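Here the structure is a predicted model, which is why all the values come from computation and not from measurement.
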Amino acid sequence: MNGDLMDEETDIFDIMAKTSPAMQENLDVLNPEQLEATIHEGSPLLILAGAGSGKTRVITTKIAYLIAEQHIAPQSILAVTFTKKAATEMQERAVQIEPRAAHSQIRTFHSFGAWFLRLNADAAGISPNFTVYDDDDMVTLICKANPKLTKQQANHFAHKIALAKDYCFTTDDPRLVQIESEPEFRHIYSTYQARLKDTGNVDFGDLIMLPYLVLRDNEHIRHYMQNRFKVIMVDEYQDSNVAQFLLLQSLSGVNENSGTYVCVVGDDDQSIYKFRGAEIQNILTFKDKFPGTKLIRLERNYRSTAEILQIAGNVVNHNEGRLGKTLRAERGSGKKPVLAFLPNQDEEADFCANLIALSVKNGANYSDWAILYRTNAQSLTFETNFLHKKIPYQVVGALKFYEREEIKDLIAFLKLVANPRDEISFRRIINKPTRGIGAKTQDKIVETARSELLQTSETELAENNPAVSVKIENLAQTALLGLEPEQKDSKQEDVKGSLVKATRAEAQTMSKKAREGATAFVAIIDEALDLLSSTEKEQECTVIPENDKKNLSALIELLAENSGLKEYHAAQDEVTGTQRTLNMQELANSAVPFDCTMKGLLDFLDTIELDRTIAGKENQEDKNRVTLITIHNTKGLEFNRVIMTGMERGIFPRADKDAEELEEERRLCYVGMTRARNELYLTSCSMRRMYGRTEYMDASPFLLEAGAENMKVLGHAPSSFRRASFKGGDYGKNGLSHPDVETDPIKAKYKKGKRVYHDDYGYGIITRTAETDDGEYSITVTFENSGSKSFLPKYQSSSLLVTDE
DNA sequence: CCCGTCGTTATTTTT
DNA sequence: TAACGACGGG
């Protein structure tokens, strides 16, 4: 044993001896690596945490430990995650160990950006009441700024602009050509950015890039923030992008001797968002950017069986350029993963349904199961099949509550109330329902408002800088008290470039019908603002019992009613049988926890804009459902039993992947497999309907990489797979090496004696089974009313239904 | 302004 | 195949 190790161990014993008994209990449950990571201090820390290795436990215990034992002020700890769900879980678990963690900043990257920009709106050149534009809004704004672009082109450029911001390329950056070679791109980006600035709003990319630019260009703010946060932790670091790295770097002051402690946690094998700007180099080169970095690996897996980890590890082992780690299964051995080859996607869905139904009959829950697929389009077959068989399911990520028309309409109203310069929201609702204000009048109003911005922008500029320093002083003072500065409410009437103001002014020149419409519209906004300011005053003057306090749902209900949107969508409900009115009510209900003030409104908008995963109410009730989900969406989740479907070349991995992208697909495969606790199934079809035609499919190369000998193979494997995998083991010729089980799912399904229903011939019984000359399985059905017919079940899965069981 | 029909086009997407 | 957008007629 060398001296270094001795020192380290005595250090650990030393620290443990000083720890309070309460914290000691939390440390006792950690394994040695987890413990080392938890109590590590002094240098930057990179925790390489494999799937299911208990990283959340480490981060949360670490936060608690820092507060309780190292006496770090809770509010000087910043922990960032990528999803709202992860942030909430982290906060809850940290608070459970140490209640003072409630005062720490545990947020998503984007919500941190929003928090930062609200404090520094002036320095960032945006409205303090900004709201966030989503991808659709980006496209609309690009179209308005460049009317000659088609929607498709605008879509393309919106994507590229978002990517440019992920890399933190501003409009004058020469590296923009790396993103998009089209020479017009820089111009389109610039005009979009100018137009966006006029609205006072930001897009998702700005929530990261602007805080970085503000820090870079304002020494005061930078030093204030470096002082404000003495500990910064980042979760899922492998999926951070360049802008996020730059933000972390400047916030931490690593190059300015700030003394801030930085700890990042991630797994390079789970980096799956390169297409959205995630930069795997961030984690691979972390130790170069943060000198003296200590690296700790968490390789003990507490989630999956050894068999599952074996094949997941086999797959990802084919990648080059990893930091490298091997997961050890703490739970030991379990069932061998099953690989089922099926004729087509109808049989695939059937196979899954039968597997699930059988397990439920034997005592499992529907919620034990997850169906994973590469693309959302694949969910449809499962939904149809499960609906028919009455298997309860939920589709994750597809509900898009906030993308529904009626919800977007209401939110547009709310956004315009918050920020009267919001052109996109204004255009969405000014003439909905019809107020006689057509496209031309809208353009005129927008131009009036924008010309006002142009006139005043020079005088504004002169006032801008003093405003920043005043704000910083306020910041410094409030920080001493451990409070965040209060938003001061801006007087909407005075806002430069207000579209509401412009509408009021333009109304005089309009036709009678349009004038009435415009006046009514302005009145709606005014009344909404009145409601907000009246509750604000009430709150200042009197002490009102919690229950009597007006909450933000009152504003939403008022807007829905006054705007005519409620009536408008109720009429739609009548005709189409939709539930729009109900959805609108649902939005109002979700606003109940928020104050009926401008601040409450901004909080609410932040919450819904930065967390689109909240589904409608359907998700709450009856949680015992099968989960249908894309592999991307499963990150951070786990299930007792997982079926990875569509394991075919061209689907997973997708066809058009270069070598580097193939590695990402492989990581995606690894992520999917390691979601499973107890049982893992893989399905692969030999035929698939795609784009209206049926194609022959080949097995996914990942299946061979996983190793056929590590799986129980069912069904008729494609010859490419059989040849390459014929190494004995569990898999024999024609998949018939399990005499105890019928290994061909088709034969198992269409056994002699089964009762079936055919679309054309009605009910019948399978009276004979045989093989054709080509070795295909054929059955003969005797129908009740249509005599006897022979079929190849392989081709009949959707029209020949097995009805018993 | 709304509705029907025709033609086009199909990744993954924490925020 | 199917779903969605664009366009034209009522």
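Taking atom C1' in both C:dG5 and B:dT12, the straight-line distance is 23 Å, to the nearest Å. With both ends at atom C1', the span from C:dA2 to B:dT13 equals 22 Å, rounded to whole Å.
At whole-Å resolution of the value, CG in A:L247 and P in B:dT15 are 18 Å apart. The nearest whole Å value for the distance from the CZ atom in A:R688 to the P atom in C:dT1 is 17 Å. The nearest whole Å value for the distance from the CG atom in A:N155 to the P atom in B:dT9 is 13 Å. Distance, A:Q378 CD to B:dA10 C1': 13 Å, rounded to whole Å. Regarding A:E609, its CD atom lies at a distance of 18 Å from the C1' atom of B:dT13, rounded to whole Å. A:N344 has its CG atom 15 Å from the P atom of C:dT1, to the nearest Å. Nucleotide B:dT15 holds its P atom 14 Å from the CZ atom of A:F109, rounded to whole Å. Per the geometry, CG belonging to A:D166 stands 16 Å off P belonging to B:dT13, to the nearest Å.
Taking 4.0 angstrom as the limit, A:T630 places a side-chain polar atom (N or O) nearer than this to OP1 or OP2 of B:dT13. Taking only side-chain nitrogens and oxygens, A:N376 comes nearer than 4.0 Å to OP1 or OP2 of B:dT12. One finds no side-chain N or O of A:N633 lying less than 4.0 angstrom from the OP1 or OP2 phosphate oxygen of B:dT12. Taking side-chain N and O atoms only, A:N241 has no distance below 4.0 Å to OP1 or OP2 of B:dT15.
Ranked by how close their nearest DNA chain B nucleotide is to the 5' end, A:F82 and A:E661 are led by A:E661. When each of A:T375 and A:D135 is assigned the nucleotide of DNA chain B with its nearest heavy atom, A:T375 is the one assigned upstream, toward the 5' end.
With respect to A:E665 and A:K274, no salt bridge is recorded, no charged nitrogen being found less than 4.0 Å from a carboxylate O. Look at A:E695 and A:R689 and you find no salt bridge, because none of the NZ, NE, NH1 or NH2 atoms lies under 4.0 Å from a carboxylate O. Using a 4.0 Å cut-off between charged side-chain N and carboxylate O, A:R654 and A:E661 make no salt bridge. The pair A:E89-A:K85 fails the salt-bridge criterion, with no side-chain N (NZ, NE, NH1 or NH2) lying under 4.0 Å from an Asp/Glu carboxylate O.
Distances were taken from every side-chain heavy atom of A:H632 (C-beta onward) to each of B:dT15, B:dT12, B:dA10; the shortest belongs to B:dT12. Of all nucleotides listed (B:dA10, B:dT14, B:dT15), B:dA10 comes nearest to the side chain of A:Y691. The nucleotide whose nearest atom lies closest to any side-chain atom of A:Y273 is, among B:dT13, B:dT11, B:dT15, B:dT13. Closest to the A:Y568 side chain, of the nucleotides B:dT11, B:dC2, B:dT14, is B:dC2. When distances are taken from the side chain of A:R374 to each of B:dT11, B:dT14, C:dA2, the shortest belongs to B:dT11.
Among the heavy atoms of the strands lying under 4.0 Å from A:T434 are primed sugar atoms or P, OP1, OP2 only; no base atom is included. Residue contacts shown for A:D134 are absent, as no nucleic acid heavy atom lies under 4.0 Å away.
Applying the 3.5 Å distance criterion, the base of C:dT1 shares no donor-acceptor pair with the side chain of A:R689. You won't find any donor-acceptor pair under 3.5 Å spanning the side chain of A:R276 and the base of B:dT12, going by distance alone.
Checked against the 6.0 Å centroid threshold, A:F286 and A:Y237 count as a close aromatic pair.
An aromatic stacking contact between A:F275 and the base of B:dT11 is absent, as defined here by ring centres under 5.5 Å apart and ring planes under 30° from parallel.
Residues A:R667 and A:L662 have side chains not in contact (no heavy-atom distance under 4.5 Å, counting atoms from C-beta outward).
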